[in-house]
Colleague: 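Starting off with a structure, shown below.
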Amino acid sequence: MIKANHKKILLTVMLTVFCLFVQAQNDISSPYSKYGYGLPSNITSGAYDAMGKVGYAMQNPHLINFKNPASYVAFDSLSFIADAAFSIYSSTLKTSDISQKSTYARPGYLTIGLPVTRHWRMSAGILPFSNLGYNIADTRVANDVTVNYSYQGDGGLMQLYWGNAFRICKGLSIGLNVSYLFGRLDYTKSAEFDGSNFFNTMVDNTTLVDGIYLSGGLQYFANIKNKHRLGFGIVYENSAYIWTKQTTFTYNYTGTGANISLNDTVHNMESPDHMQTPQSLGGGISYQYKDKWLVSADVTWQNWAHYYLNGQDNGNLQNAITVSAGLQFIPNSMSTNYLNKIRFRAGFRYTTGQIYISDRAIKDFSVAVGLGFPLKMYNNNPSLGFMFEYGQMGTLADGLLKENYFRFSVHFTLQEKWYQRVKLE
């Protein structure tokens, strides 16, 4: 009865988190998110997030590594795994004169993993794919008339994936994630004139995104003298053509703020189009010594120069390379002293940046630290993890913006002996 109630609690928690994902609002505030489909989320599982977001050559029977679908073969043949995360973000935008701070919270991801056959494992989940949110104001004077310009963006994309992994032979596995991208991207531009002799103008552009893209991976692991383990991984994501539906409203109005009075709709257009996502190729290597030290490094290349959305110019986008590395240390996983079982994690991530403004690449660098706490309850082996990340994006040179950001994340992993039968005596 206790185990049955435990499963009901797990199902309730998973459904609750899924509803939070569907209803979550995007509260980021970054002008750099106006390029492409927003700022990529680059989410990995909580444990690997604290290791610089590595994952191409990572494989663990107690974790769901959706960065490389080939890793699912590590799932225990009798276990069901559920993993969920929640994050709090804080960022400060700076120019040479002023700064602006924003804080918001949102679900991180929700994933599950389970065995199917002896050589086949499966995973599914939902996670953010990109974030869009900014509010830019500009005032100009022409012919003694003051014009207040406003540029706003809101929305983002979500990723719902279904992954399968197959063991080819000892140490070698392949996997495939089929992902459904969905969401909306809202862009609004307005021009408001001082005085009552002019009509103000606003252009509201909304793009609905709906489509499928694929991610394939391969991993190989080799044990050396039962103490050392080397791992290699590679992942390819295709350049997918995603269907979009764009709706554009252009209208005149009077008043400002909450006192707007619509005068006339000048233009109303709805048209189907498509978005071409950038393809990417990544590879990684890992080294593990017993169950004590784990070190990993990844390199990723993305061709953002070929990104396309509804015919919009991608002149501010370029190909980007990302490097990440991290480590994990466990004092003694078999010790009776609980403190010796705690996972200590750290890592860094650097990207050359896909955004190119004023002849400068908008680079992004971050460092992270984290702790993992193994737990024990009923007939499962859950764990609780915490991660703190600090990063910098952009520069103050040439009148650009610099963004300092912090992220605190909590993730919970539950491994349940889902298929174990109880023997009655």
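Everything quoted here is computed from the prediction, not taken from an experiment.
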Colleague: Just checking, is any N or O donor in the side chain of Thr206 or Gln246 under 3.5 Å from an acceptor N or O on the other one?
Modeller: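 Their side chains do not contain a donor-acceptor pair, so the 3.5 Å distance test is not met.
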Colleague: Looking at every heavy atom in both Ile81 and Leu63, which two are closest together, and how far apart are they?
Modeller: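 So the minimum-distance heavy-atom pair works out to CD1-N, 4.5 Å.
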Colleague: Would you say that Tyr161 contacts Val178 through its side chain, given a criterion of any heavy-atom pair below 4.5 Å between the two side chains?
Modeller: no
Colleague: Could you tell me whether Tyr109 and Phe66 have their ring centroids closer than 6.0 angstrom?
Modeller: yes
Colleague: Apply side-chain hydrogen bond (donor to acceptor under 3.5 Å, both in side chains) to residues Asn131 and Arg106 and explain how you reach the verdict.
Modeller: CA-CA 11 Å; Asn131 301 307; Arg106 67 178 303 169; 2.9 Å; yes
Colleague: Are Phe406 and Tyr390 near enough that their ring centres are under 6.0 Å apart?
Modeller: yes
Colleague: Sequence neighbours left out, what pairs pass salt bridge (charged side-chain N to carboxylate O under 4.0 Å, His left out) with at least one residue falling in residues 231-241?
Modeller: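 Every pair satisfying salt bridge (charged side-chain N to carboxylate O under 4.0 Å, His left out) with a residue in residues 231-241: there are none.
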Colleague: Just say parallel, tilted or perpendicular for the rings of Tyr149 and Tyr151, cut-offs at 30° and 60°.
Modeller: parallel
Colleague: Side-chain polar contacts of residues 44-55 - donor-acceptor pairs under 3.5 angstrom, sequence neighbours left out - could you list them?
Modeller:
unit_1	atom_1	unit_2	atom_2	d
Thr44	OG1	Asp49	N	3.3
Thr44	OG1	Asp49	OD1	2.8
Asp49	OD1	Lys53	NZ	2.9
Asp49	OD2	Arg407	NH1	3.2
Asp49	OD2	Arg407	NH2	2.9
Lys53	NZ	Asn42	O	3.3

Colleague: For Gln392 and Lys402, run side chain to side chain contact (heavy atoms under 4.5 Å, CB included): C-alpha distance rounded to whole Å, both residues' side-chain angles, the deciding distance at 0.1 Å, then the answer.
Modeller: CA-CA 7 Å; Gln392 292 184 352; Lys402 184 177 181 179; 3.6 Å; yes
Colleague: For Phe348 together with Tyr350, are the ring centres under 6.0 Å from each other?
Modeller: no
Colleague: I need the minimum non-hydrogen distance between Gly372 and Arg345, along with the two atoms involved.
Modeller: CA-NH1, 3.6 Å
Colleague: Between Tyr289 and Tyr287, is the ring pair (Phe, Tyr, Trp, His ring centres under 6.0 Å) condition met? List the steps.
Modeller: CA-CA 7 Å; Tyr289 174 69; Tyr287 165 75; 7.2 Å; no
Colleague: Under the side-chain hydrogen bond (donor to acceptor under 3.5 Å, both in side chains) criterion, do Asp273 and Thr244 qualify, and how do the steps go?
Modeller: CA-CA 5 Å; Asp273 209 317; Thr244 64; 5.1 Å; no
Colleague: Start with the C-alpha distance between Gln100 and Ser29, add both sets of side-chain angles, then the distance that settles side-chain hydrogen bond (donor to acceptor under 3.5 Å, both in side chains), and finish with yes or no.
Modeller: CA-CA 9 Å; Gln100 173 184 304; Ser29 178; 3.2 Å; yes
Colleague: Could you check whether any side-chain N or O of Ser335 sits under 3.5 Å from a backbone N or O of Asn337, counting only pairs where one atom can act as donor and the other as acceptor?
Modeller: yes
Colleague: Closest approach of Tyr72 and Ala165, non-hydrogen atoms and distance?
Modeller: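 So the minimum-distance heavy-atom pair works out to CB-CB, 3.6 Å.
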Colleague: Is the gap between the ring centers of His119 and Phe166 under 6.0 Å?
Modeller: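 So the answer is no for these two rings.
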Colleague: Identify, with sequence neighbours excluded, every residue that meets salt bridge (charged side-chain N to carboxylate O under 4.0 Å, His left out) alongside Arg167.
Modeller: none
Colleague: Could you pull out all residues at least two apart from Asp359 that satisfy salt bridge (charged side-chain N to carboxylate O under 4.0 Å, His left out)?
Modeller: none
Colleague: Whether the side chain of Tyr56 engages the backbone of Leu218 through a donor-acceptor N/O pair (distance < 3.5 Å, no angle test) should be reported.
Modeller: no
Colleague: Between Asp204 and Tyr187, do the side chains contain an N or O donor and an N or O acceptor separated by less than 3.5 Å?
Modeller: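 Asp204 vs Tyr187: no donor-acceptor pair found between side chains.
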Colleague: Let me confirm one number: the CG-OG1 distance from Leu208 to Thr247, rounded to the nearest 0.5 Å.
Modeller: 6.5 Å
Colleague: side-chain hydrogen bond (donor to acceptor under 3.5 Å, both in side chains) between Ser79 and Asp76: does it pass, once the steps are laid out?
Modeller: CA-CA 5 Å; Ser79 297; Asp76 183 77; 3.1 Å; yes
Colleague: Starting at CD of Gln288, measure out to NE2 of His228 and round the result to the nearest 0.5 Å.
Modeller: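 Rounded to the nearest 0.5 Å, the CD-NE2 separation comes out at 11.5 Å.
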Colleague: Taking all non-hydrogen atoms of both residues into account, name the closest pair between Ser30 and Tyr134 and its distance.
Modeller: O-CB, 3.5 Å
Colleague: Sequence neighbours excluded, which residues qualify as side-chain contact (heavy atoms from CB on, under 4.5 Å) partners of Leu157?
Modeller: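 Leu157 satisfies side-chain contact (heavy atoms from CB on, under 4.5 Å) with Tyr37, Phe129, Ser130, Leu185, Val209, Met275 once adjacent residues are dropped.
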Colleague: List in chain and number order the residues that pass salt bridge (charged side-chain N to carboxylate O under 4.0 Å, His left out) with Arg118, two or more places apart in sequence or in another chain; answer none if no residue qualifies.
Modeller: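 For Arg118 there are no salt bridge (charged side-chain N to carboxylate O under 4.0 Å, His left out) partners, ignoring immediate neighbours.
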Colleague: With distance as the sole test, does Ser33 use its side chain to make a donor-acceptor pair with the main-chain N or O of Gly133 at under 3.5 Å?
Modeller: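 At least one qualifying donor-acceptor pair exists.
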Colleague: Give the minimum heavy-atom separation between Asn68 and Gly217, together with the two atoms involved.
Modeller: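 Closest approach of Asn68 to Gly217, heavy atoms only: OD1-CA, 3.4 Å.
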Colleague: Tell me whether the count of non-hydrogen atoms from other residues, nucleotides or ligands lying under 6.0 Å of NE2 in His306 goes above 12.
Modeller: no
Colleague: Using the side-chain contact (heavy atoms from CB on, under 4.5 Å) criterion, which residues pair with Ala397? Sequence neighbours excluded.
Modeller: Arg360, Thr395
Colleague: Just checking, is any N or O donor in the side chain of Thr248 or Asn205 under 3.5 Å from an acceptor N or O on the other one?
Modeller: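 Asn205 and Thr248 do have a side-chain donor-acceptor pair below 3.5 Å.
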Colleague: Could you tell me if Tyr308 and His274 have a donor-acceptor pair between their side chains, going purely by distance under 3.5 Å?
Modeller: no
Colleague: Do Arg229's NZ or CZ and the ring of Phe221 fall within the cation-pi criteria of under 6.0 Å and 45°?
Modeller: yes
Colleague: Applying side-chain contact (heavy atoms from CB on, under 4.5 Å), can you list everything that pairs with Gln279, at least two apart in sequence or on another chain?
Modeller: Tyr236, Ser239, Trp301, Asn303
Colleague: What pairs meet the side chain to side chain donor-acceptor pair (under 3.5 Å) rule with one or both residues in residues 214-227, with sequence neighbours excluded?
Modeller: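 Every pair satisfying side chain to side chain donor-acceptor pair (under 3.5 Å) with a residue in residues 214-227: Gln59-Gln219.
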Colleague: Go through the side-chain N and O atoms of Thr207 and Asn310 and say whether any donor and acceptor fall under 3.5 Å apart.
Modeller: yes
Colleague: Using 0.5 Å steps for rounding, measure from the CG atom of Leu309 to the CG atom of Leu317.
Modeller: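 Spacing of CG (Leu309) from CG (Leu317) equals 10.5 Å.
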Colleague: According to salt bridge (charged side-chain N to carboxylate O under 4.0 Å, His left out), who are the partners of Asp97, at least two apart in sequence or on a separate chain?
Modeller: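 Counting only residues at least two positions away or on another chain, Asp97 forms no salt bridge (charged side-chain N to carboxylate O under 4.0 Å, His left out).
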Colleague: Verify the distance criterion only: is there a donor paired with an acceptor across the side chains of Asn148 and Thr139 at less than 3.5 Å?
Modeller: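 Judged by distance alone, the side chains do pair up.
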Colleague: Is a side-chain donor-acceptor pair under 3.5 Å present for Thr413 with Asp83?
Modeller: yes
Colleague: Determine which pairs satisfy salt bridge (charged side-chain N to carboxylate O under 4.0 Å, His left out) with at least one residue from residues 119-128, sequence neighbours left out, and list them in order.
Modeller: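 Pairs touching residues 119-128 that pass the test: none.
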Colleague: Going by the rule side-chain contact (heavy atoms from CB on, under 4.5 Å), which residues pair with Leu384 if we only count those two or more places apart in sequence or in a different chain?
Modeller: Leu375, Phe386, Val410, Phe412
Colleague: For the CG atom of Asp154 and the CZ atom of Arg184, what is their distance to the nearest 0.5 Å?
Modeller: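 CZ of Arg184 is found 8.5 Å from CG of Asp154.
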Colleague: Judged by modelled atom types alone, do Thr300 and Ser280 share a side-chain donor-acceptor pair under 3.5 Å?
Modeller: no
Colleague: Work out which heavy atom in Thr103 is nearest to a heavy atom in Ser90; give both atom names and the distance.
Modeller: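 Closest approach of Thr103 to Ser90: OG1-OG, 3.5 Å.
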Colleague: Give a yes-or-no answer on whether the side chains of Asn177 and Trp162 include a donor-acceptor pair shorter than 3.5 Å.
Modeller: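 Short answer, no.
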Colleague: Counting heavy atoms not belonging to Lys341, are there more than 12 under 6.0 Å from its NZ?
Modeller: yes
